[in-house]
Amino acid sequence: MQTQLQIIPIPAFQDNYLWLIHNGTQAVVVDPGDAVPVMDTLEKLGLKLEAILVTHHHQDHIGGVKPLLANMPDVRIFAPRLESYDFPHVPLSEPDQVRCVDWLPVAQIIDLPGHTLGHIAYFMQLDHEPWLFCGDTLFGAGCGRLFEGTPAQMYQSLQKLKALPAQTKVFCTHEYTLHNIHFALTLEPGNTALQQRRQDTRTLLDQHQPSLPSNLALELATNPFLRCDSAEIREATHTQNESEVVTFSKIRELRNHY
Ligand SMILES: [Zn+2]
């Protein structure tokens with residue numbers, strides 16, 4: 001049954017993607033910041049929404065939850081245990097494993113404090129490849145801002161993601177990839193994988209295609225926040241004699257002002 005699964009990005013707001021997984025009749029949506037484009041897509045494709053997965057409490061990730069629930073009271077909602085929500089939900093945190101709907105594999109919950117303190121990811125092993133829904137923690141060639149957590153917390157969260165299988169598909173929630181690549185090239189101009197990714201990303205965007213999903217192998221090769229051990233990055237950030245957390249913190253600070 002899993003081979004019939006499809007996943008599509010629903011564009012919302014300026015640069016968000018709301019990921020919709022479906023099997024032709026039933027659907028699950030991740031981080032529905034806006035209900036309208038989700039409702040439109042469900043109607044267009046003739047799908048019934050069965051579950052909503054939430055990674056963290058920011059409005060552009062949950063703004064559509066209550067309107068969707070009002071229209072479809074049977075929908076089950078899953079959300080981080082360490083954050084508070086004013087809608088009914090199944091609270092999740094590490095090491096929970098949950099089957100959100102019977103036509104998807106079990107999701108392994110990963111705690112990712114940093115962007116927010118309760119932020120979680122959903123990791124699923126499909127037949128053909130693993131999927132990661134990581135909210136605003138990992139972006140194409142970037143990572144989320146530290147609104148609530150410390151650099152050390154975010155660094156540790158990213159270490160957990162680095163340990164996942166390299167072929168994992170990464171369903172990031174914002175189209176920040178090209179700007180992130182330009183920033184990354186200021187730190188690692190000699191990274192040929194990064195140069196190639198700039199070209200590939202430009203081609204996709206020129207064709208009005210999303211640059212996402214990404215995959216972990218590509219992020220490991222090009223994402224500076226996963227490359228705090230790179231000699232070129234450590235030199236560029238003047239942190240050769242510091243811990244990787246210090247390098248991470250410096251990259252995040254530079255990116256905030258880029
Ligand atoms: Zn956020």
Side-chain angles (χ1 to χ4, degrees), residues 7 9-21 28-38 51-69 77-87 89 91-94 107 109-123 131-161 169-180 183 210-214 219 223-226 248-249 251-258:
I7 180 156
I10 302 175
F13 310 117
Q14 190 89 353
D15 50 35
N16 286 66
Y17 294 126
L18 321 180
W19 292 101
L20 185 96
I21 313 164
V28 169
V29 68
V30 184
D31 285 349
D34 188 359
V36 174
V38 177
I52 295 172
L53 313 186
V54 172
T55 64
H56 69 292
H57 66 82
H58 286 159
Q59 194 61 20
D60 63 323
H61 293 249
I62 62 166
V65 172
K66 286 210 274 188
L68 287 169
L69 190 61
I77 304 166
F78 300 84
R81 189 186 305 276
L82 300 179
E83 298 185 343
S84 55
Y85 293 92
D86 61 353
F87 44 75
H89 62 281
L92 296 173
S93 61
E94 221 169 87
I109 304 305
I110 306 172
D111 288 341
L112 298 175
H115 179 70
T116 68
L117 284 173
H119 198 302
I120 59 171
Y122 299 81
F123 177 73
W131 286 359
L132 175 71
F133 298 94
C134 56
D136 282 352
T137 295
L138 189 62
F139 294 132
C143 80
R145 283 178 187 259
L146 304 180
F147 287 117
E148 297 176 15
T150 63
Q153 283 175 311
M154 188 60 138
Y155 173 81
Q156 286 305 331
S157 294
L158 294 177
Q159 294 302 110
K160 290 184 195 175
L161 300 185
K169 272 214 173 139
V170 184
F171 294 90
C172 312
T173 55
H174 287 274
E175 186 57 80
Y176 294 158
T177 314
L178 190 59
H179 192 58
N180 284 337
F183 168 71
S211 67
L212 302 165
S214 181
E219 295 309 322
N223 190 323
F225 296 99
L226 303 183
F248 172 82
S249 180
I251 301 171
R252 188 57 263 178
E253 195 187 307
L254 290 168
R255 177 64 182 83
N256 289 346
H257 302 294
Y258 181 75

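When reading the values below, keep in mind they use all heavy atoms of this one structure, side chains included, and skip hydrogens, waters and symmetry mates. Whatever order the structure lists them in is the order used to number ligands and atoms, beginning at 1.
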Could you state the interatomic distance from CZ (F147) to NE2 (H57), rounded to the nearest 0.5 Å?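 Going from the CZ atom of F147 to the NE2 atom of H57 covers 10.0 Å.
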Give, for atom CZ of F139 and atom NE2 of H179, the distance between the pair rounded to the nearest 0.5 Å.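 The NE2 atom of H179 is 12.5 Å from CZ of F139, to the nearest 0.5 Å.
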Do H174 and D60 have side chains that approach each other closer than 4.5 Å (heavy atoms only, starting at C-beta)?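 They are in contact (side-chain heavy atoms under 4.5 Å apart), so the answer is yes.
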Check whether any N, O or S atom of [X], backbone or side chain, sits closer than 2.8 Å to the Zn ion (ligand 1).
X: H58; value: yes
X: H61; value: no
X: D136; value: yes

With the Zn ion (ligand 1) at the center, what angle do NE2 from H115 and NE2 from H56 span, rounded to 10 degrees?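 Nearest ten degrees: 100°.
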Going through the distances and angles, do F133 and T173 end up as a side-chain contact (heavy atoms from CB on, under 4.5 Å)? CA-CA 8 Å; F133 298 94; T173 55; over 6 Å; no
